[in-house]
Visitor: 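The structure is given below, and queries will be raised subsequently.
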Amino acid sequence: MKSVPAQTPLLEARKLTKTFGALTANDAVDLVVREGEIHALLGENGAGKSTLVKMLYGALQPTSGALFWKGEAIAIANPAAARVLGIGMVFQHFSLFEALTAVENIALALPGDFDLAALSQRITTLSADYGLPLQPSATIADLSVGERQRVEIVRCLLQNPKLLILDEPTSVLTPQEAEQLFITLKRLAAEGCAILYISHRLEEVRRICQRATILRQGRVVAACDPRRETPASLARLMVGGDIHAVRAHRDEAAGPVRLKVNELSLPPDGPFSVALKDISLAVRGGEVFCIAGVAGNGQSELFDALSGERLADYGHAVEIDDQPAGRHGVNWRRRHGAAFVPEERLGHGAVPMFHLSDNVVLTRHAVDATVAANRRVLRPGARAIADRVIAAFDVRKGKPDPEARALSGGNLQKYVVGREMDRNPGVLVVNQPTWGVDAGAAATIRQALVDLATRGAAVLVISQDLDEIFEIADRIAVIARGELSEAHAAREMTPEMIGLYMAGMAEAAEAQAAGEGSHGPHP
Amino acid sequence: MDAVLPILLTIIAAATPLVLAGIGELMVERSGVLNLGVEGMMIMGAVAGFGAAFMTGSPYLGILAAIAAGAAMALLFGFLTLTLATNQTATGLAITLLGLGLSGLIGKPFTGQPITRLPNWHGIDILVIFSFILTGAVAWFLFRSRAGLIVRAVGDNHTSAHTLGYPVIRVRYLAVLFGGGCAGLAGGYLSLSYTPQWIEGMTAGKGWIALALVVFASWRPWRLLAGAYLFGAISILAFTVQTFALGIPSQFLSALPYLVTVVALVIISRNRLMLRANTPACLGRPFVPDR
Amino acid sequence: MALILERRVERARKWMWLSPLLALALTVVAGAIIFALAGVNPLHGLYTYFISPLMDGWDREKLIAKAAPLVLIGVGLAVAYTANVWNIGAEGQFVAGALLAGLVPVFLPAWQGPSVMAAMLLLGVIGGLAWAMVPALLRARFHANEILTSLMLVYVMRLAYDWAVRGPLRDPQAMNFPKTVRFEGWQVLPAWGEIHLGAAFALVAALVLYVVMVKMLKGFELRALGSSPRAARFAGFSEHRAIYFVFAVSGALAGLAGACDVMGVSRQLQAPYEPNYGFVAIIVAFLGRLNPVGVIFAGLLLALSYMGGETAKVTLGISDNIAKVFQGMLLIFILACDTLILYRIRWQGRA
């Protein structure tokens, strides 16, 4: 390994600035990364973390500022140049090609001879060495999210990186998979590789990182040693103030069952889709029922079945307020008091090119005579509702009735959630309520979900975010490979148990729940 | 044998333009671009090829002119759909409409004129042989070379390809130009070898049939070749049957290729899951990078 | 130097109006160049092509008569394209309507009175609708790409028409010419000069569809489906129903246009019959911003391009293919200009 004087940083950014039109995504950012350290880059959604690392990886060009690599000023023209320097990156939304095999995906990032057979050999050796087992000939579309991340990591490792950038790597992993990743990262750091670790999970940052740089609204607000901070102090630095915790849980849910699913099974409806197997659950009025799970385990398929975008084989598969709904479409379910918020804001929850008022018509035309009547669209009624939602949820926007796509992620999510809340539904099903949303908007949305339950509604939340789940859930179940675990009261659940369920080890999880605490198989 | 050989040769003649145009479009679609202008590029190739051969007396120069004309139309298509990110469906239609009109305008003086036909042995000429070489070369390129892997990657996920540092737009331009050249060549085959003369609107939907063949072949070169020959066989056999079975109107037999195309599309599309798994995921979606 | 697109936060309203005008201006400029290349004084060429057909009253009537089928078909296509359903086989549906309407005078020549006119128009509608249902069914039921199937069916219908007019429908007294008997009395559409009843149908269809698309939930549904199918499904709108609906509307209108054309203009069926209205209406739909009222103006403009082509052929000796070239260029320019609605265009030096 080349010897670099210890005082010379591996990578240094000075006054790095990036603007997109009127928006300043990074404002004079300074960053110093040294060999062999695991360096956290902290900040909430929209703080400019992704923009910063994309510039370090050559995927974006800085508007101004300078980069130094081992003390020398450089410009990184494109990702290939970054890879030549020894910078590797694992993306949050993976940069993989679903229709290609693992080895083809890796070959695309490597220079040199095009020899897939030899490369497969190297992949097998290296992945076994680092405890990241990988089948080179597997097609990406067939892999789980965790396995896909392994492909990305192995792809970087094959380039002998000096700096490895990971963007929110654990957000798609089970707690146990995350542990395995930490072992790999610590080993890499020990071998001298610098790691830039982007996360908003403060606990894990405090566990594995030696230094942290904290961004807020595109600026560096602090650089510190996270081991000497508390989660609360880090959070304050990130958000710039205290975030109101969601108000305390309500009394024991005593209401009647308002949403019930009985042995629901559905075949996959696309080449990359998951089958639902024998799912049963019951949500009472007054409770928040959360379904945890790693992405791609049947969450969106379950959501579609609950909303009625896909019909079940028989009516009693889904019951709303004791009425069989399984064979009825989404508007029937809405008319019977249900409301739905899908994961994708743009293109599912809202039509991107439609104005906010027209997006009211989208989900209310069949249930609200002020929005549509006699086959006509009533735009004044829709406008009135849009204004109400905007006021109630403090939706920030540039002009009176903009197109949905003109809103920021957090504001559009507040609008889409608020649009359904405005109906005061008896049953609400939400998929990933605060995905990619800034902390302030997330807190507003979570509070609204809890308040709705307090008013007697049954609230079903599907989420990947364990922090969120423990914050708002009364009961928790876990979805893995299209199967739903037994539900437990939130206070009886631990992240470890959820992890075991996520890994499909239901028996071990039940054993923990029963207080046996052993992972051994039952006889 | 005496009866079979002419039939075989007719099948070859019917299949060759479809193979040429189809393979080109296959490459284009593998890169994620839907080019509905094949028909227009083909007819421009036909008129330019004929015109060049007529004026220079050399069918080989005709071939070059045909390729150039197809590629020129493809450049226009690429500028619109890749640089200006226009709707690919509408742009392809526009290219076809423009090509049909422009070729008629240019070809007016060539109508009814004779040219030196491409040298051939019983109808088998250099373009027939080239169509096989082209199929093999494209199959090798797409599945055995790094550049081909990049083309497939761009068609599967242009955002990822861009993030990895691949020039999505440039790759697509090259694919589109290649496809346009192939379509032009297919047109050249019609006017320099198959007919050989210039008739307004002489492509008669063959560009569209080539488009359907790409779907039918699940975006695989050898399957496309097989499909084109199967297609040629079915339509030609019908003509042969006509000599035995009297009373079938000639219009019905002329309609057969189009009906076969529709049936083939239905058969291959019936299984929605398989169709979606085979289709390049970015097909028809414009790419505009953030800067 | 390279052209760079910058995404706009919202669509630019200004360019939704300016884009067709800019496209028209660019077409005129390109047309001047083509005339110059063809050895014609560009100004004289443009005058002959675009202005002279408007100078004569009789020609103005003919313009409206030509625009009628374009608008009838174009509004249907505008509705279909709004829903992202690509019926490009209107030409076949048009011919199907003409063929079916023509059955009545051939087989029931003695039938007269208002009922025969209604029956022929109805048959035209049924013919276009039925022929459009084929690609609709194949798309909804078997997921077959409607662009390719609807187009293939144009060729099939043209051949079917050709067979019918040369065979069973041919007038035995026509000395082997491929044409039917001439339509008489109530089999002919009432006309005012060159303008027949079809123009009124076109106007009504455009206004009705305007109301449907702008004010009614159906129009909202089609726009949602075209813009974002997943969100439309979330709204409870059925993609299948929409496919059948827009194919039915566009097919029926194309069939009606076909019936009107043979009942009002040629007043018999003749082969070959390739008016190309069905294809030119695609351009009309786009030039009209997929807005039914916009289609009326676009239809008139494209009708002018037909007339200009004929005038240019007669007075300038240029092939009437010049019309197709103008039409194709116009569509290309409008697509290019529409980029300005969604993006800002910048020139940037290579980094």
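Each chain gets a letter, A, B and so on, in the order the sequences are listed, and its residues count up from 1.
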Visitor: Non-hydrogen atoms of chain C under 4.5 Å away: do they reach the side chain of B/Ile267, the backbone, both or neither?
Guide: neither
Visitor: Where along residues 159-169 of chain C does a heavy atom come under 4.5 Å of chain B, listed by residue number?
Guide: C/Leu159, C/Asp162, C/Trp163, C/Arg166
Visitor: Can you tell me how far apart CZ (C/Phe333) and CG (C/Leu24) are? Round to the nearest 0.5 Å.
Guide: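 Going from CZ on C/Phe333 over to CG on C/Leu24, the span is 11.0 Å.
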Visitor: Against chain B, label C/Ile334 side chain, backbone, both or neither, depending on which of its atoms sit under 4.5 Å from a heavy atom there.
Guide: neither
Visitor: State whether C/Arg158 and C/Glu274 are salt-bridged, where the test is any N-O pair (Lys NZ or Arg NE/NH1/NH2 against Asp/Glu carboxylate O) under 4.0 Å.
Guide: yes
Visitor: If we define contacts as heavy-atom pairs under 4.5 Å, which of C/Val156, C/Ile332, C/Thr149 has the most with chain B?
Guide: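 Maximum pair count with chain B is reached by C/Ile332.
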Visitor: Give, as side chain, backbone, both or neither, the part of B/Thr91 having an atom under 4.5 angstrom from any heavy atom of chain C.
Guide: both
Visitor: Below 6.0 angstrom between ring centroids: does that apply to C/Phe279 and C/Phe94?
Guide: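 That pair fails the under 6.0 Å test.
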Visitor: Determine whether C/Phe286 and C/Leu331 make a side-chain contact, defined as any pair of heavy atoms from C-beta on separated by less than 4.5 Å.
Guide: yes
Visitor: Please list, chain by chain and in numerical order, all residues satisfying side chain to side chain donor-acceptor pair (under 3.5 Å) with B/Arg285, sequence neighbours excluded.
Guide: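 Partners of B/Arg285 under the side chain to side chain donor-acceptor pair (under 3.5 Å) test: none.
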Visitor: Does this structure show an ion pair linking B/Glu39 with B/Lys206, if we count only N-O contacts that are shorter than 4.0 Å?
Guide: no
Visitor: Go through B/Thr89, B/Thr86, B/Leu211, B/Thr261 and name the one with the most non-hydrogen pairs under 4.5 angstrom from chain C.
Guide: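 Max contact count across the listed options: B/Thr89.
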Visitor: Among C/Ile282, C/Leu148, C/Ile147, which residue has the highest count of heavy-atom pairs closer than 4.5 Å to chain B?
Guide: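 Option with the top pair count is C/Leu148.
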Visitor: Quick check on the interface: out of B/Val215, B/Leu256, B/Leu102, who has the most heavy-atom pairs with chain C under 4.5 Å?
Guide: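 Looking at each of B/Val215, B/Leu256, B/Leu102 in turn, B/Leu102 comes out on top.
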Visitor: Would you find a donor on one side and an acceptor on the other, under 3.5 Å apart, between the side chain of C/Trp131 and the backbone of C/Leu153?
Guide: yes
Visitor: Taking CZ in C/Arg141 as the centre, count heavy atoms belonging to other residues, nucleotides or ligands within less than 6.0 Å. Is the count above 12?
Guide: no
Visitor: Are there more than 12 heavy atoms of other residues, nucleotides or ligands under 6.0 Å from atom CZ of B/Arg270?
Guide: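 At most 12 heavy atoms, drawn from other residues, nucleotides or ligands, come within 6.0 Å of this atom.
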Visitor: If you count heavy-atom pairs under 4.5 Å with chain B, which of C/Trp86, C/Tyr155, C/Tyr81 comes out on top?
Guide: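 Sorted descending by pairs with chain B, the first entry is C/Tyr155.
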Visitor: Are side-chain heavy atoms of B/Met274 and B/Thr279 found at a separation under 4.5 Å?
Guide: no
Visitor: If I measure from the heavy atoms of chain B, does C/Leu335 come under 4.5 Å with its side chain, its backbone, both, or neither?
Guide: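 Answer is both: backbone and side chain atoms of C/Leu335 are under 4.5 Å from chain B.
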Visitor: Using non-hydrogen atoms and a 4.5 Å limit, figure out which bit of C/Ile345 sits close to chain B: side chain, backbone, both or neither.
Guide: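 The side chain, not the backbone.
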Visitor: Please work out whether the ring planes of B/Phe110 and B/Phe50 are parallel, tilted or perpendicular, with thresholds of 30° and 60°.
Guide: tilted
Visitor: Which label fits B/His158 and B/Phe287: parallel for a plane angle under 30°, tilted from 30 to 60°, or perpendicular past 60°?
Guide: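 Judged by the thresholds at 30° and 60°, the geometry between B/His158 and B/Phe287 is tilted.
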Visitor: Quick check on the structure: residues of residues 317-327 of chain C within a heavy-atom distance below 4.5 Å of chain B, by number.
Guide: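 Only C/Ile318, C/Ser319, C/Asn321, C/Ile322, C/Lys324, C/Val325 of residues 317-327 of chain C have a heavy atom under 4.5 Å from chain B.
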Visitor: Between B/Glu25 and B/Asn35, is any pair of side-chain heavy atoms under 4.5 Å apart?
Guide: yes
Visitor: Where do C/Glu239 and C/Arg230 land on the salt bridge (Lys or Arg N to Asp or Glu O under 4.0 Å) test, with the steps shown first?
Guide: CA-CA 10 Å; C/Glu239 200 175 356; C/Arg230 186 94 202 267; over 6 Å; no
Visitor: Relative to chain C, which segment of B/Ile268 carries a heavy atom at a distance below 4.5 Å: side chain, backbone, both, or neither?
Guide: neither
Visitor: Does some side-chain heavy atom of C/Thr339 sit less than 4.5 Å from a side-chain heavy atom of C/Leu5?
Guide: yes
Visitor: Need one label for C/Leu330: side chain, backbone, both or neither, based on atoms under 4.5 Å from any heavy atom in chain B.
Guide: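 For C/Leu330, there is no contact with chain B at all, as no heavy atom is under 4.5 Å.
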Visitor: Side chains of B/Val154 and B/Arg172, heavy atoms from C-beta outward: is any pair under 4.5 Å?
Guide: yes
Visitor: Does any part of the side chain of C/Phe247, heavy atoms only, come nearer than 4.5 Å to the side chain of C/Leu137, both counted from C-beta?
Guide: no
Visitor: Would you indicate whether C/Tyr343, at its atom OH, is surrounded by more than 12 heavy atoms from other residues, nucleotides or ligands within a distance under 6.0 Å?
Guide: yes
Visitor: How about B/Trp219 and B/Glu29: does a side-chain donor come under 3.5 Å of a side-chain acceptor?
Guide: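 Note: B/Trp219 and B/Glu29 side chains meet the donor-acceptor criterion.
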Visitor: B/Leu80 versus chain C, heavy atoms under 4.5 Å apart: side chain, backbone, both or neither?
Guide: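 It is the side chain, since no backbone atom gets that close.
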Visitor: Is any side-chain heavy atom of B/Leu98 closer than 4.5 Å to one of B/Met44?
Guide: no
Visitor: Specify which of B/Thr81, B/Asn87, B/Leu275 makes the most heavy-atom pairs with chain C at under 4.5 Å.
Guide: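 Heavy-atom pairs under 4.5 Å are most numerous for B/Asn87.
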Visitor: For chain C, which residues from residues 71-79 of chain B lie under 4.5 Å away (heavy-atom distances)?
Guide: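 Expected list: B/Leu76, B/Phe79.
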